[in-house]
Structures are given as C-alpha cells and as structure tokens.
Amino acid sequence: MRLIIDTDPGIDDALALLYAVASPEARIEAITTVAGNVDIVKTTRNAHHILRHAALPHPPPIFQGCATPLHRQPVYAEHVHGEDGLAGQYDGLPYTTEHGAVEAILRIARQNPGEISLLALGPLTNVAAALQADPSGFANLKQVVIMGGAIEPPGNITPLAEFNFHADPHAARQVLRSPVPLTLVPLDLTRKAVLHKETLRAWTADRTDSRARFVTALCHRYFHFYSAMHGGEFCFLHDPLATAIALDPALARIETLRVEIETEGEMAAGMVVRDLRPHRETGCIVNVASDCSMEEFFHRFEERVVRPRGADSAESYPAMTQ
Ligand code: BDR
Ligand code: CA
C-alpha cells in the first residue's frame, strides 16, 4: 500500500511510525507533520528523530505543515506526551526542515491518481488545507484513514470530544464532507487497544538494545499519564491501531454511519454527532472501524515495533539519549 502519513508526534504517533516503517506491505511516500500534541517545530523534529531511530536505508521525506488550526488557537497535549512530545527522548540532533506538507500531499496525489492512501494521525489541519486548496487534486487520493473522533462519549480532551477532532474541529468537519472514501478509527475502538506494563516488560525482558529502550521510555511516560488518570499501569495505542487497520482493513469490522462534526462550544467542539433520524440526506456517510482482532494487532505490534528485524543487535540502531 502506498501511503502518506500525516502526524503530530506524539508518543503513540512515534509508535505508529515505527509500526508503519517495519510493515512490509507499506510503501511510505512521505511523512507530513502538523501541530497537535505539541507545536509544529516539535512535531517535525520528532518525526526526524523517529526516522533516525528507525535507521532506514531509504527514509521517506518529511514535510512540515500547518502550525495552527484553521480557525482557532492551538490546543496541545504536552501533559500527555511530555514537554518535547517524545517522553523526554528527543535527541537534539540537527536536521533540515522542508516545508510544504499541503503541497506535498497534493503533488503526490496528483502524480499517482487513485494510488495513495492518506493516513491522518493528528488534527486534520493539513488534510483540510489540501482539500480547500485543490479539491480535484485531493480527489486523486484513494482513501483517507483517520484516527479521530469519539462516536459515543466520553471523549478524552473534553467530556464530548476526542483530541484530534477537538484540536481542529473545522478541519474535521471539512474533511469528513470530502467525497474521498474515508475510514475513521475512533477513540471508541482505540481505547480497547490497551497495552499493559506487564506485557511490555515480558516483551523486552533481557533486552538492552536501543529499540527496547526507546519503546520502553515512550511507553513509560504514557503509563505514568494513564495511571494518574485511570489508576492502572497501561496505555492506549490509538495511532498504532489506526495504522494497523489502514494497512490491513481485514483486521477490523467496518460499519457505515451518518455523522456530522460540531465545531463550536468549549466542550462540544470536535464532537461526533450521529444522525440517527430516518429518511435524512444530511451529514456525511463515513466508514467507522467498530471492532478489531486485538490479539492479531498486538502480535503485529510486538513483531514490528518492539522486535523488528535486527533490533536485538544494539549496533543496528543509532545510540539513543536516555
Ligand atoms: C489522539 O490524540 C493524540 O494525543 C494521539 O496522538 C492520538 O492521535 C488520541 O485521541
Ligand atoms: Ca497523534
């Protein structure tokens, strides 16, 4: 599958990128960054850090995108992902910033009509900006797969809304109205992708390589946040689950819903409103992943993120800052 990954790393974005680059079925044409979990400079530098860590022979290009949502002030989630957005792991190494995420999405889509899937793991600002700038160019995308939205409350940033949709509700509304086929992987499902500290410990026991250390450091920050909130040592793998389903839709059960996105209100902005009224033509018809084989997902997650080929030999990866 040929894809562009639009992302706001972010701990679970980092895990999702590690999943994608280790997936034999994925051909990543570009990574585009957007402000979300942290500001745009940090999400971009984190994307570079993650690719450096993955040490790919031919890494995809990274294009920096929108710094602010379409019509509102940014909302960040540093309280979840750490001040650097990467659980304190950012290595500070130099990189070159290439701008033009929106243009890159459109260029790659136009050059490859019907071939490119766009996987969106952050607020939908870049995606909406691409749609607004060139609707017919955007229509060359094969599909958009989105981690976002809470079909049923509760949300995770407000009682009603999920973070990615709340951070840019206008973008979410526009993108969901686009004619390109869409699949949502909502919070309702990603909250079932629960990684327990014990599981990670079992996976990484007796390992001292940099991949095991990096993934452990990322997850421990996440465990810390979730234990303060939910009282257990676990975290939710939101973006990795969306990535797994984008790469293999057969993992999930998909249903079709008619929805609309609320754009206003301190708590309601970004809320997914289901239109259950009969005989209506309003709202957007979207595919929603409503169930998934979690056992298979965790098997793939371990294989690709925690134990990719070569990870056990520390020399295969650049040394990481601890
Ligand atoms: C989403 O919000 C972000 O904090 C995560 O990276 C994920 O994309 C979950 O609501
Ligand atoms: Ca994200």
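Atoms within each ligand, like the ligands themselves, are counted from 1 in listed order. What you see below is based on every heavy atom in this structure, not just the backbone, and it leaves out hydrogens, waters and symmetry mates.
- For NE2 of His224, the number of neighbouring non-hydrogen atoms (other residues, nucleotides, ligands) closer than 6.0 Å is 12 at most.
- Closer than 4.0 angstrom to ligand 1 by heavy atom are Asp12, Asp13, Asn37, His81, Leu121, Met147, Asn156, Glu162, Phe163, Asn164, His238, Asp239, sorted by chain and number.
- Here the side chains of Ile4 and Ile108 are in contact, with some heavy-atom distance below 4.5 Å.
- Surrounding CE of Met1 are more than 12 heavy atoms belonging to other residues, nucleotides or ligands, all under 6.0 Å away.
- Ring pair Tyr226/Tyr222 is perpendicular by interplanar angle, where above 60° counts as perpendicular and below 30° as parallel.
- Protein N/O/S atoms found under 3.0 Å from the Ca ion (ligand 2), listed by chain and residue number: Asp8 OD1, Asp13 OD1, Asp13 OD2, Leu121 O, Asp239 OD2.
- Proximity of the aromatic rings of His166 and Phe163 is defined here by a centroid distance below 6.0 angstrom, and this criterion is not met.
- Taking the centre of each ring, Phe236 and His230 come in below the 6.0 Å mark.
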Would you please test Asp291 and Lys192 for salt bridge (charged side-chain N to carboxylate O under 4.0 Å, His left out) and show each step? CA-CA 9 Å; Asp291 201 0; Lys192 294 181 184 161; 5.4 Å; no
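- Remark: Glu303 does not engage Arg300 in a salt bridge, criterion side-chain N to carboxylate O under 4.0 Å.
- The environment of Glu266 atom CD is sparse: at most 12 non-hydrogen atoms of other residues, nucleotides or ligands sit within 6.0 angstrom.
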